[in-house]
A.B. asks: 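Pasting in a structure now, in structure tokens, and then I'll have a few things to ask.
Letters A, B, ... are given to chains in the order of the sequence lines, protein chains preceding strands, and every chain is numbered from 1. Computed from heavy atoms alone, side chains included, the values below leave out hydrogens, waters and symmetry copies.
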Amino acid sequence: MITLSAVTKLYNEGRPNEVQALRGIDLTLAPGALSVLKGPSGSGKSTLLSIVACMARPTSGRVTLNGETVSGLPERFQTELRRTTFGFIFQRFNLIRGLSVLENVILPAAPTGEPRARVIERAMERLAALDLTPRALTPVEHLSGGEAQRAAIARALINDPPILIADEPTANLDTALTERFLDILRAERAAGRTLIVTSHDPRIWGAEGVDAVIELRDGRITHEITGGVA
Amino acid sequence: MSTWLNRQRALADFTLAAMGRRRIKNAALVMVYALVVFLLASAMFFAASLRHEMHQVLAEAPELTVQRLIMGRQDLIDAAAAERIGAIRGVSQARPRLWGYYYDRISGANYTVMVPDDPDLMPPPGEVMIGEGIPRARGFTWDGAPLFLSRHLGDLQRFNVARTFGTDSALMSADLILMTEADFRAFFGIPEGLFTDVVARVRNPNELGKIVEKAAIANPDLRFVTRDDIERTYQKLFDWREGLMAALAGAAVLAFVIFAAEKASGLSAEESREIGILKAIGWDTRDVIAMKLWEGGLVSFGAFLIGTIAAYAHVFVFKGALFAPVLRGWAVIYPDFTLTPQIDGLQILTLGLLTTLPYVAATVVPIWRRASADPDAVMR
Ligand SMILES: Nc1ncnc2c1ncn2[C@@H]1O[C@H](COP(=O)(O)OP(=O)(O)OP(=O)(O)O)[C@@H](O)[C@H]1O
Ligand SMILES: [Mg+2]
């Protein structure tokens, strides 16, 4: 369970270009649920995700994970949470260019010191499940949009994190690929993973299997539906 | 422990894959860097060998060598002069020597031919004692093969080999041929009563300078070479070497500063972004830095190895070919100037540290700030 209480986020604090990206967010995200954050561009969705995933610190307020405060943890522990607890699929995938799909997928496992053979085996299984086996050795810049997204999913899951986070995952996907992505989400949800997704795509927040939809506007929660949407 | 190894292995793998993306640029970097190391290491090997050579020569050099000069060039000296030298106050044991160089057209090598002073080393007439380098140069296939020496086309002198010196004897004797005085005179056509030079001792080494000064005035046709003079000649080489070292070190530092500046400022947007990604997916600042250590280490250690090995080959296999112009004058004294491999472990270590550490530091330091920043910049 993830809770946010009175979370605010200021960018460029105290300067003329100060931005209030989040203004007093109180939110509870249920474990094992598929939660969708929606809202117009600039409403603070990505900012909220980065705070939940321990990639940025809130300016004020508190974030807890399973009852423990994580927002104030030293960098070292936040890094560990990013490595072990959160899998993150970025808005622009953020694969490392010039490296192959497989090399990208195993990256989050490098600091763990797990035997390489085992990591690769796990990566290949995941790639097989995502129909990427023939692309394993392809440099990522040669992938299509859908393939790049699945490579990003495989990378996010390589350390088997209990929480999977996706920022605007279907922005560049056609209907068939969006359906495919939803299937993957539902499978991960069935496997017990907590899922948090941002989207302004109605195909996502209207989809079957979505447990909660939270609407943001100007850094505030304006609407929240929980307990099964579809 | 194995976790640590696995982690290092994974980081190194990533580094290699990442460096492989700019193969040409990285290869060029290693080569330029290796060239700097090569120059420094060459000078270092060369200096170490010269110093070794100097000790060898000085250990065997007589206190005082007297040569006869005619029109500024060394000429044969007669027995009367030897007596004259022996009569100089303070000089004892003046002894004329017969020695010379023989260029062997067959092997292309220069041998030192000498009439030995030590009766134990005197071969029977018509025979020679030779250094172990000569059978090797000649490709002798069996023990006791005679040595044929040719002074000009159509000439062939046969000498039986009375004895071959082993490899354990001094380095100077590898190319040595010892023969009797009669054989020497006959072979080189030196008339009776003439010698190559005269070696002498002084009773009180502290007075050597004074004795030589006086003797030189009294005997303007003679040149007195002291052990100090030989040392000074070497010292000149060292001075040159030090100048070269300073110049090279300057060049190396300059090159390094350029590298470092390039590195420090040139943390490209791409590289920054990649570090952000790595941090976002759970790499610690420590991991990013370890990865950069691998990068700096691989580049600089690779350059160090290539440069050092090339320098070793240059100095000891190709006889310091690049330094040849400076050695030309030297070759008059020692025509066959071969360097024996001398490696000063401490110097190598110093060179290794001097070449790798600053580069590794220049690779890692600019990363530090970026790697400890919040990773959320990669969100947009
Ligand atoms: N690093 C930053 N520095 C300054 N302002 C920022 C920064 N990151 C985000 N912002 C601002 O904060 C606000 C919220 O941004 P955020 O990226 O969270 O929006 P979003 O809901 O994800 O939008 P989109 O749907 O377009 O992705 C925006 O006004 C944005 O310009
Ligand atoms: Mg966004």
A.B. asks: Please classify the contact between B:R21 and chain A as side chain, backbone, both or neither, with a heavy-atom cut-off of under 4.5 Å.
C.D. replies: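 B:R21 touches chain A through side-chain heavy atoms alone.
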
A.B. asks: Are the side chains of A:L164 and A:T194 in contact, using a 4.5 Å heavy-atom criterion?
C.D. replies: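 When only atoms from C-beta onward are counted, A:L164 and A:T194 do not touch, as no gap falls below 4.5 Å.
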
A.B. asks: Please identify each residue that fulfils ring pair (Phe, Tyr, Trp, His ring centres under 6.0 Å) with A:F93, with sequence neighbours left out.
C.D. replies: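 A:F93: no ring pair (Phe, Tyr, Trp, His ring centres under 6.0 Å) contacts found.
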
A.B. asks: Would you please classify the geometry between the B:F38 ring and the B:H314 ring as parallel, tilted or perpendicular, with 30° and 60° separating the classes?
C.D. replies: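 Plane angle between 30° and 60°, so tilted.
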
A.B. asks: Should we count CD1 of B:I24 as having more than 12 external heavy atoms under 6.0 Å?
C.D. replies: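 It does not: B:I24 CD1 has 12 such atoms or fewer within range.
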
A.B. asks: Counting only non-hydrogen atoms closer than 4.5 Å, does A:T112 touch chain B with its backbone (N, CA, C, O), its side chain (CB onward), both, or neither?
C.D. replies: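 A:T112 touches chain B through backbone heavy atoms alone.
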
A.B. asks: Relative to chain B, which segment of A:R155 carries a heavy atom at a distance below 4.5 Å: side chain, backbone, both, or neither?
C.D. replies: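 Side chain only.
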
A.B. asks: A:I158 versus chain B, heavy atoms under 4.5 Å apart: side chain, backbone, both or neither?
C.D. replies: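 The answer is neither part of A:I158.
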
A.B. asks: Can you list, pair by pair, the side-chain donor-acceptor contacts under 3.5 Å of residues 65-72 of chain A, counting residues two or more places apart and other chains?
C.D. replies:
from: A:N66; atom 1: OD1; to: A:M1; atom 2: N; distance (Å): 2.7
from: A:T69; atom 1: OG1; to: A:R62; atom 2: NH1; distance (Å): 2.8
from: A:S71; atom 1: OG; to: A:V63; atom 2: N; distance (Å): 3.1

A.B. asks: Between A:E114 and chain B, with a heavy-atom cut-off of 4.5 Å, which part of the residue counts as in contact: side chain, backbone, both or neither?
C.D. replies: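 For A:E114, the contact with chain B is made by the backbone alone.
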
A.B. asks: Find the one option among B:A290, B:A17, B:G20, B:A18 whose heavy-atom pairs under 4.5 Å with chain A are most numerous.
C.D. replies: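 Highest number of heavy-atom pairs under 4.5 Å: B:A17.
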
